[in-house]
Structures are given as C-alpha cells and as structure tokens.
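To start, the structure itself, in structure tokens.
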Amino acid sequence: MTTQFQIGGIRPAKGRTFVIAEIGNNHNGSLELAKQLVDVAREAGADCVKFQIRDFASLYRKTPGGAASEDLGVEYVKDLLAKVELTVAQHRELRAYVAQSGLLYMCTPWDEASVETLRGFEVDAVKAASADLFNPYLIERIASLGKPFVLSTGMSYQHEIARAVAHAKTLGVPFAILHCNSAYPAPDRDIQLEFIPKLADLHDVVGYSGHERGTAISIAAVALGAVIIERHLTLDRMMEGPDHPASLEPDEFRRLVEGVRQVDEALPLRSDSRAPTQGEMLNRENLSKSVVARRAIAKGAIISAGDLTVASPGQGLAPYRLPDLVGRPAIREIHQGDFMVEADLRGEVAAYEPHKLPILWGVPVRYHDFLAYTDRIAPDLYEFHHSYRDLGLDPKSFVKPVDCGRLVVHAPELFENSELLDLVSDDLGYRQRSIDNMKRVIAATESLRPYFPQADSALIVTNVGGFSMDAPVSADKRREYYDRFAEVIAKIDFGSTELIPQNMAPFPWHFGGQRYQNIFMYPDELVAAAKANKLRLCLDLSHLSMTCSHFGFDFQHELAKLLPVTAHLHIADAKGLNGEGVDLGEGDIDWRAVWPLIAAYPDLSFIPEVWQGHKNFGAGFWKALNYLGRLAA
Ligand SMILES: C=C(OP(=O)(O)O)C(=O)O
C-alpha cells in the first residue's frame, strides 16, 4: 500500500523528483505576499506549494502565568508566529488561488484543530513537521484525513524515527519520510546527507526537507535517493521571520528546480548494462581505434599478426579482437588500411536478397565506395553523402553512368571552420557562408547529373539549420526562422536540382554533443513549411519517431500527415528520445502498420539509414532491405 504514494497524480520516483516550494510563514501574514510567492513558485517550476497552519488557541499549553511563564525562546517564537499567521478564511482563499495556478497544495497543520480545518480544504497532501515526528497523536489525526502524508525527521533520535515510521505503516495511508536538519539555516556539516540511504532502509519513499544555504546540498540529496525535495521560498532572505534566512530567493529556487531536473535526467540507468550511448557511438567511431590491415592480404591467405595493426578511426573491430583474426583465411581481397570487420571473423559477407519493393529504393554511398556498390546491386537510386571536401572533387574519378531512376545528394552538415550549415542563422555573415555552401552543394549535384541520365530528379537532402546550443527557442523565434528560410531559398537558384529539407529530431547530435532543433521538427510545422515554400521533404522516420516520443504525438497519425508532402524517406527505427538509426523491428516503430501507409505513395523513394549500415560490406543495409522486402511480399 505504501508503494502507491503519490501527490495529485505525480508519483515521486528516481527520475521524477517532486519539488515542494515551502511558503510556510514567509508571507509574513500578508495574503498578497502569499499569492505572489505562489506565482514565483509556479514560474520556478515547483510541483507544489506548501503552507503551515496553526490554531493558537489550542497549540500552546495554558498556564496561570500566561505567555510570561514560558522560556525566553518559546516566548519569542510564539510572538513571531502569531504576528505572521493568516486567518482560516485567508488560508481558504489561498487554497483556491493555488488550485487556479495549476500547482498542487500541501499544508502542515501544527495542532489537531488545524487538521480539522484542513479536512474542508481538499488538500493534495498533508505534512507532519519534524516537531511532530515524535507525536503519534497528531500523526494519527493527520492520517485520518485519508490523504497522502509526509513525515519530516529533523530534531529526532534515530529510534524515534524508526518508531514513527513503524507507526505510520499501521495507519493505512501512503506516506513519505523526509530527511531534515531543523536549524534555520542548517550548517552544512550538520546535514549528514548520508542518512538518506539509511532512511531508505526504513521506508520506500524518501525525500529531503532542506534548510541550508544555497542549492547544492538539496540537489545532491536527489543523487542520494531523495525523490521529494522541499525548500523554503522567500522574496527576500533579509525579511523578519524565522524561516527567511534558511530560504531560497526566486532565482535560486529556479536554479534548484533546474538542477533537480538535470539530476532527474542524469541519474537513472537506461539499460541493464553499460553500453555506449548514441553520442558516444559517434565519438567512438571518430576518436577510438580499430584493427586495420597493415599491408595487402590476398583472398584465401592465412592472416598473420604481422598483417594487422591498430589505428584510428574506430570503424573496424575493436583492438582487443585482433588476436581472433590471426590464423583465419582472408575471405576477400584485403587492401592496405582496410578495416577488419565482423565478416572477416565470421567468414561470410552479408548480401542483399533481391525483393520487389513498392517504392524506389537505394543506399547511401560515398564517392569512394560507389563503384563497389554498382558491382553488387542495381538499386533505383543512390544517395551520395558528401563531406565538404567531396564538393570540390570531379565525379569522373569515382562515378560511372548508371541507369537509376533518381539521384539524391545529402548536403554536408559540416563545412570549413567547423561551421554547420545554418540557412537561418541570426549571424548575417554565418548565414551568407551557409548560402554560399548550399550553392556549392547544388553545383556538385549538377555535376553528378550526367552520370544519372534516366533520373527523374536530383534531390538534395538538407538539414537547413535552426538549432540552438543550450535550450530550444520560443515559438516566435521559430516563426522568424521559417520566414527567414523562405526569404533565403527564394534567392537561391537550384537549377535542375530540388531542395528537400529533412525533418530533424528534437535533440540532434552535432560535434559529438547534443543540441536543440527548433525548425523542421514539429510535424504540423513541417507540413506548413513544405506547402508555404512549395517544397517536398526528406522524411527521416527515425527522427520522426524520436520527435513523437518526446512530444507524445502518435507516430502513424503524424506520418499520414507528412507523406503527401514527402519525396524521399530515410528509413530506420528509433528507441525513445535518443536511440537513432536502430535496426528495423528493434525500436518503437510498428513497421507492419507503417509500411502499407508508405506503399500507398509509389513515387516515394528511400534509403535504409540504420546506424553503421555500411559496415561489414553493407550488412546493416541488406538486413533492413530484406526486412522491408519480407513485409512487402
Ligand atoms: C517545519 C516544517 O517542516 P520541516 O520539519 O520539514 O522543516 C513544516 O512543514 O511546517
């Protein structure tokens, strides 16, 4: 039963920390200030706001000597609290204000009369302050509300905490426990965050109620297992009142939420065992080393250790696999510098089995491997993937005429001086260089046309730009980018070629790091941009799947919208938000449902764009084509 702890439908968990903005008494008795703090909490990204409520008539003991008979400390706290307490009517008005704000509402009743007041408040959850952890009477009354409750464990002995948890488990209501040090502010060295895992031994929902200065310790609490973070919020730490000095000001609270959300993303294990992530895969390719031929090896010759060496890049077998190759016969003519690949170990080269496919098909090629492909397959098209250096090469040295029905060129993303193509850059100079680079791509594509005399078109797949470094841009800015894109392409002469912008995923990889894509990503915007500019698109299904996963869109629904404005497809599966270019059938896309939708557009063309498809003599491409061929049959 306790495993079902949730507040307003949110279940605090690793990867989804629940953040409470504790307004407590920091409103200083002003309803206006309290409302302002609710607004600030919402803007800062909190899940919930919390208040405290006291019934002074019943909270303190009654003595013949009245307040004067209390110790000095107690007298001071009593005076201060009485000064800042809101009336029940004001609390009720606040509760309604919080409901309107969209935030969840919690409150700490400090006495049994206040619990009864809250019974009429529709609280989302309720809390027992540390000061009441060793007061089973109030805890029992709080549980009688039947709402999820939270117990804070500051100022307690360990045996009292264990006792309170054991008691709470008998009350029949889901609850959470918070580690806490009840000093305002709490000295860093007294916080002892390592008690969080000990609390986790007692109960399965553990959080942290922090009173320290700054945000680092609360963020670290998340890394140690806290799934609820509560911090006091104030407009000004210098105000009079017991909690202000231990509170965060608006900017700090926003940074706290940002930090917590970052740790939420970073903390959970994403798979059962450690494997290179998507960004690391790219860097492993470019930066690591692999086994290559030190010298030419004749087909059939037995491979010796001296035939092999280890060198960058990391596109062949990993260096530790070198010994496995020694003593095996070479299954092919191996040239000096060739990567040694899985097929060399397995003793067989993967092959394409011809299938009748309902749309035009092809493979991605570089200049240097084009001729090798023409010896093996007869596709409807080739898609040339150029680097910026390739743009200056004469195709004569690499290409022979073929009778393909279509020519496709993928514009380089990266140009001289590490500049990514960005036709909508805010920087005028950068934008102009991108336009000039686009013109180079057009010229290179025109130079390939004579080798494709039957081609119905020469399509240029282009990632047009519009990315940002640290965060997505606003909707207004996106509109500005689209307008700029329209202006830019209207001025470019595309000759006999056709620009087909490619849809991008929300988090594209550039230079081995993650960026944010802003335009040519949302399906509705893609359709609108295509229609407004009389363009067709290159639709990358892996990118579309990641976009749909991120925004919660239905893949098939979005695909159906996009196909009528599509000329060419990049076909690969995807997993979640970051698993790009996954083998077909191993990701999120339901190919049995999707393939008939695509087959209804026979003028479409595609290439398989599975990750590392070209390796192992195109093994990944053939696997994808064979998969689709079987679906089509
Ligand atoms: C004082 C409170 O909590 P903590 O003990 O977590 O600071 C409270 O919620 O009112």
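Counting convention: from 1, in listed order, for ligands and their atoms alike. None of the values given here were measured: they were computed from a predicted structure. This chain uses plain numbering: 1 for the first residue, then up along the sequence.
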Grab the two heavy atoms, one from Met521 and one from Thr547, that are nearest each other, plus how far apart they are.
-> O-CG2, 3.6 Å
Nearest protein heavy-atom contact for atom 2 (C) of ligand 1: which residue, which atom, what distance?
-> Ala129 CB, 3.5 Å
Note: Phe51, heavy atoms under 4.0 Å from ligand 1, region reported as neither
Arg141/Asp111 ion pair, N-O < 4.0 Å = no
Which of the ligand 1 atoms, numbered from 1, are nearer than 4.0 Å to a heavy atom of His211 | 7 (O)
Check: His91 ring centroid to Phe121 ring centroid under 6.0 Å | no
Taking all non-hydrogen atoms of both residues, which atom of Trp110 and which atom of Ala129 are closest, and how far apart?
-> CZ2-CB, 3.6 Å
Ion pair check, Arg484 and Asp426, cut-off under 4.0 Å = yes
Top protein contact for atom 3 (O) of ligand 1, by heavy-atom distance | Lys127 NZ, 2.7 Å
Just which atoms of ligand 1 are under 4.0 Å from any heavy atom in Glu22?
-> 8 (C), 9 (O), 10 (O)
Answer side chain, backbone, both or neither: which part of Ser209 comes under 4.0 Å from ligand 1, heavy atoms only.
-> side chain
Judging by distance only, is a nitrogen or oxygen of His232 under 3.5 angstrom from one on ligand 1?
-> no
Report the C-alpha separation of Thr117 and Asp55 in whole Å, then their side-chain angles, then the decisive distance to 0.1 Å, and conclude whether the side-chain hydrogen bond (donor to acceptor under 3.5 Å, both in side chains) test is met.
-> CA-CA 9 Å; Thr117 302; Asp55 175 64; over 6 Å; no
Numbering as shown, the atoms of ligand 1 that approach Gln52 to under 4.0 Å (heavy-atom distance) = 8 (C), 10 (O)
Determine, stepwise, if the pair Met239 / Thr234 fulfils side chain to side chain contact (heavy atoms under 4.5 Å, CB included).
-> CA-CA 9 Å; Met239 283 178 173; Thr234 179; 4.3 Å; yes
Proximity of Phe551 and Tyr522 rings by center, below 6.0 Å = yes
Output yes when the distance from some N or O of ligand 1 to some N or O of Thr108 is under 3.5 Å, and no in every other case.
-> yes
Protein heavy atom at shortest distance from atom 5 (O) of ligand 1 = Ser130 OG, 2.6 Å
Sub-4.0 Å atoms of ligand 1 with respect to non-hydrogen atoms of Ser152 = 4 (P), 5 (O), 6 (O)
Numbered atoms of ligand 1 (with element) below 4.0 Å of Lys50, judged on heavy atoms = 8 (C), 9 (O), 10 (O)
Under 4.0 Å from one or more heavy atoms of Trp110, ligand 1 contributes atoms 1 (C), 10 (O)
Taking the six-membered ring for Trp, is the centroid-to-centroid distance between Tyr516 and Phe507 below 6.0 Å?
-> yes
